[in-house]
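One structure below.
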Amino acid sequence: MAVNHDVLGSHSAAPPRADRSDAKISDLVTASLTDPANRPLLIGGAVCLALFGLLFRESLGHFYYAWTTDDNYSHGFLVPFISLYFAAQIFKRGPVATRSGVALGSLLLTVALAVHLVTIPLPIPFLGDLALLVALAGGFTLLAGSAALKRYWFVFFFLIFMVPLPVALYARIASPLQLLASRVASAFMNATGVPVLCEGNRMTLPGGVQMFVAEACSGMRQLTGFLALSAAVAYLCMRPVWYRVILVAAALPIALFANIARVVVTGYIMHFVNPAYASGAYHTLEGVLLMGFGLFLLNSVCMLMDLFCVTPPETDAEAEADADADAGSSRGGRSLLQGADGWAGGRITGKLSLSTPEELP
């Protein structure tokens, strides 16, 4: 592709910023198919994908099995598409410098293959799954360069939310969460006039009604979901580091609070209404409603922090600096990840919003 001379303009004045809201990776792929200069890259990418499928077929099978048989990981099918969404948004930022990624890409691929070889005598699916993600990042770096990985790193990082945890690790996390939810919910119900006898994960309500906080109600699903959501929001928003750290850290207490609230509401329904309304489809609906409550809490945290975080509008100096950075990224040679018009950059300002961003960090 030809280098955009508007982006490589003089440093004395910031070049006009092009509208790239309609920029699509599919347009680049389509253009690349008709450009003989880009065909080696596409052929290399296709070969790498074929090798990945061959070498990591056990991990791919493990993903499919876990996503289709374990409700805790049924969201796994959505994660790759969400990562592709992030890639599409990052692509709109403009060209990436053509810098060698042979050293870093080879290192990542070597580490991934070494871990994969370890899983042959020691069948540990979790390590094989992580090796697959590292191999994807390594192959991308080898083809697109280290600068591309620096910009697209979150696309590969987000894929970790589709990796099933080892059974032993999952149990070590879920069991304490079960006990915590049972004890805190029992203490709250006792304080509000509903006598509850808590024995481990089993809660006995008046009239001998038994309520058991199963592993599925430990809060692991909420925790995984809120961690993924808060990580995505923290990445998309143009906020300081402290804001993003607090946002991600808030996912843990919010998930625990929402799960405890679910147990308390279930206990109230079993005691004051009818135990039949605390199981089956009613229990599932209750979980969905409490997930919405958790999202409300997460949004409340964002609104509270927005009171202490004012994002100033972009100045002319910042616009010129961004334009110079885009120009510098294009001087290393023919840009690999750019559109036909060399889109320039914009910023998110004002209130936190999950609408389509113009620029991602």
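A quick note: this is a predicted structure, and the numbers were derived from the prediction, not measured.
For the pair Tyr73 and Tyr170, the minimum side-chain heavy-atom distance is below 4.5 Å. At a threshold of 4.5 Å between non-hydrogen side-chain atoms, the residues Phe272 and Val194 count as touching. Contact of the Arg239 side chain with the Leu247 side chain is not registered, since no non-hydrogen atoms from C-beta on lie closer than 4.5 Å. Proximity of Tyr235 to Ile90: side-chain heavy atoms (C-beta onward) are separated by under 4.5 Å at one or more points. Residues Asn299 and Leu295 fail the side-chain proximity criterion, which asks for heavy atoms closer than 4.5 Å. In this structure, His271 and Met189 have side chains that are not in contact, with every pair of non-hydrogen atoms separated by 4.5 Å or more. Within the 4.5 Å cutoff, no side-chain heavy atoms of Ile82 are placed close to those of Phe161. Inter-residue side-chain proximity for Thr119 and Glu58 is flagged as unmet; no heavy-atom pair is nearer than 4.5 Å.
Membership of the apolar cluster around Ile120 extends to Leu117, as traced through chained side-chain contacts below 4.5 Å between ILVMFWY residues. Other residues sharing the hydrophobic cluster of Leu54, ordered by chain and number and joined by side-chain separations under 4.5 Å: none, the residue standing alone. Apart from Leu289 itself, the hydrophobic cluster it occupies contains Leu285, where clustering links Ile, Leu, Val, Met, Phe, Trp and Tyr at side-chain heavy-atom distances under 4.5 Å.
In the hydrophobic clustering of this structure, Leu169 groups with Leu133; members are Ile, Leu, Val, Met, Phe, Trp, Tyr whose side-chain heavy atoms approach within less than 4.5 Å, directly or through other members. A single hydrophobic cluster is not seen to contain both Phe63 and Val167; linkage of ILVMFWY side chains at heavy-atom distances under 4.5 Å, directly or through other members, places them apart. No single ILVMFWY cluster, assembled from side-chain heavy atoms under 4.5 Å apart, contains both Leu304 and Val245. Cluster membership check: Leu252 does not share its hydrophobic cluster with Leu179, using side-chain heavy-atom separations under 4.5 Å among Ile, Leu, Val, Met, Phe, Trp and Tyr.
In this structure His62 satisfies the side chain to side chain donor-acceptor pair (under 3.5 Å) test together with Asp129, sequence neighbours excluded. Annotation: side chain to side chain donor-acceptor pair (under 3.5 Å) contacts of Thr266 (sequence neighbours excluded): Glu286. For Asp70, the side chain to side chain donor-acceptor pair (under 3.5 Å) partners at least two apart in sequence or on another chain are Asn72. Not counting sequence neighbours, Tyr65 has no partner by the side chain to side chain donor-acceptor pair (under 3.5 Å) test.
In this structure, OG on Ser83 lies 7.5 Å from CZ on Phe154, to the nearest 0.5 angstrom. The distance from the CD atom of Gln89 to the CG atom of Leu236 is 8.0 Å, given to the nearest 0.5 Å. Rounded to the nearest 0.5 Å, atoms CH2 (Trp242) and CE (Met305) are 6.5 Å apart. Expressed to the nearest 0.5 Å, how far CG of Asn259 lies from CZ of Arg221 amounts to 10.5 Å. Interatomic distance, CG of Leu132 versus CG of Leu159, reported as 8.5 Å (0.5 Å rounding). Taking CZ of Phe140 as the reference point, atom CH2 of Trp153 lies at 13.5 Å (rounded to 0.5 Å).
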**Prompt:** Checking side-chain contact (heavy atoms from CB on, under 4.5 Å) for the pair Leu180/Leu256: CA distance, chi angles, key distance, verdict?
**Reply:** CA-CA 9 Å; Leu180 177 65; Leu256 294 179; 4.2 Å; yes

After noting the C-alpha distance and the side-chain angles of Ile269 and Val265, does the key distance pass the side-chain contact (heavy atoms from CB on, under 4.5 Å) rule? CA-CA 6 Å; Ile269 292 175; Val265 170; 3.9 Å; yes

Q | Val79/Phe158 under side-chain contact (heavy atoms from CB on, under 4.5 Å): CA gap, chis, key distance, verdict | A | CA-CA 7 Å; Val79 174; Phe158 194 79; 3.9 Å; yes

**Message:** Tyr152 vs Phe91, test: side-chain contact (heavy atoms from CB on, under 4.5 Å). Steps then yes/no.
**Reply:** CA-CA 9 Å; Tyr152 286 82; Phe91 177 76; 3.6 Å; yes

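Nearest heavy-atom pair across Ala171 and Pro176 is O-CD, 4.2 Å. Pro253 approaches Ala249 most closely through the heavy-atom pair CD-O, 3.1 Å. Contact between Val213 and Ser182 at its shortest, heavy atoms only, is CG2-OG, 3.3 Å. When all heavy atoms of Ala181 and Ile260 are compared, the closest pair comes out as CA-CG1, 4.0 Å.
Using bins of under 30°, 30° to 60° and over 60° for the plane-to-plane angle, the ring pair Phe77/Tyr64 lands in the perpendicular bin.
Counting heavy-atom neighbours within 6.0 Å of Phe257 CZ, excluding the residue itself, gives a total of 12 or less. Counting heavy atoms of neighbouring residues, nucleotides and ligands inside a 6.0 Å radius, atom CZ of Phe52 exceeds 12 of them.
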Contacts table for residues 102-112: side-chain donor-acceptor under 3.5 angstrom, sequence neighbours left out:
from   : atom 1 : to     : atom 2 : distance (Å)
Ser106 : OG     : Val102 : O      : 2.6
Thr110 : OG1    : Ser106 : O      : 2.7

Counting only pairs under 3.5 Å, give me each side-chain donor-acceptor contact of residues 195-212, with atom names and distances, residues two or more places apart or in other chains.
from   : atom 1 : to     : atom 2 : distance (Å)
Thr204 : OG1    : Gln210 : OE1    : 3.3
Thr204 : OG1    : Gln210 : NE2    : 3.3

Donor-acceptor pairs are to be reported for all side-chain atoms of residues 225-232 against protein atoms at under 3.5 Å, with residues two or more places apart or in another chain.
from   : atom 1 : to     : atom 2 : distance (Å)
Ser230 : OG     : Phe226 : O      : 2.8
Ser230 : OG     : Leu227 : O      : 3.1

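Residues in residues 107-126 take part in these ring pair (Phe, Tyr, Trp, His ring centres under 6.0 Å) pairs, two or more places apart or across chains: Phe56-His116. Among residue pairs with one or both ends in residues 139-149, none qualify as side-chain hydrogen bond (donor to acceptor under 3.5 Å, both in side chains); sequence neighbours excluded.
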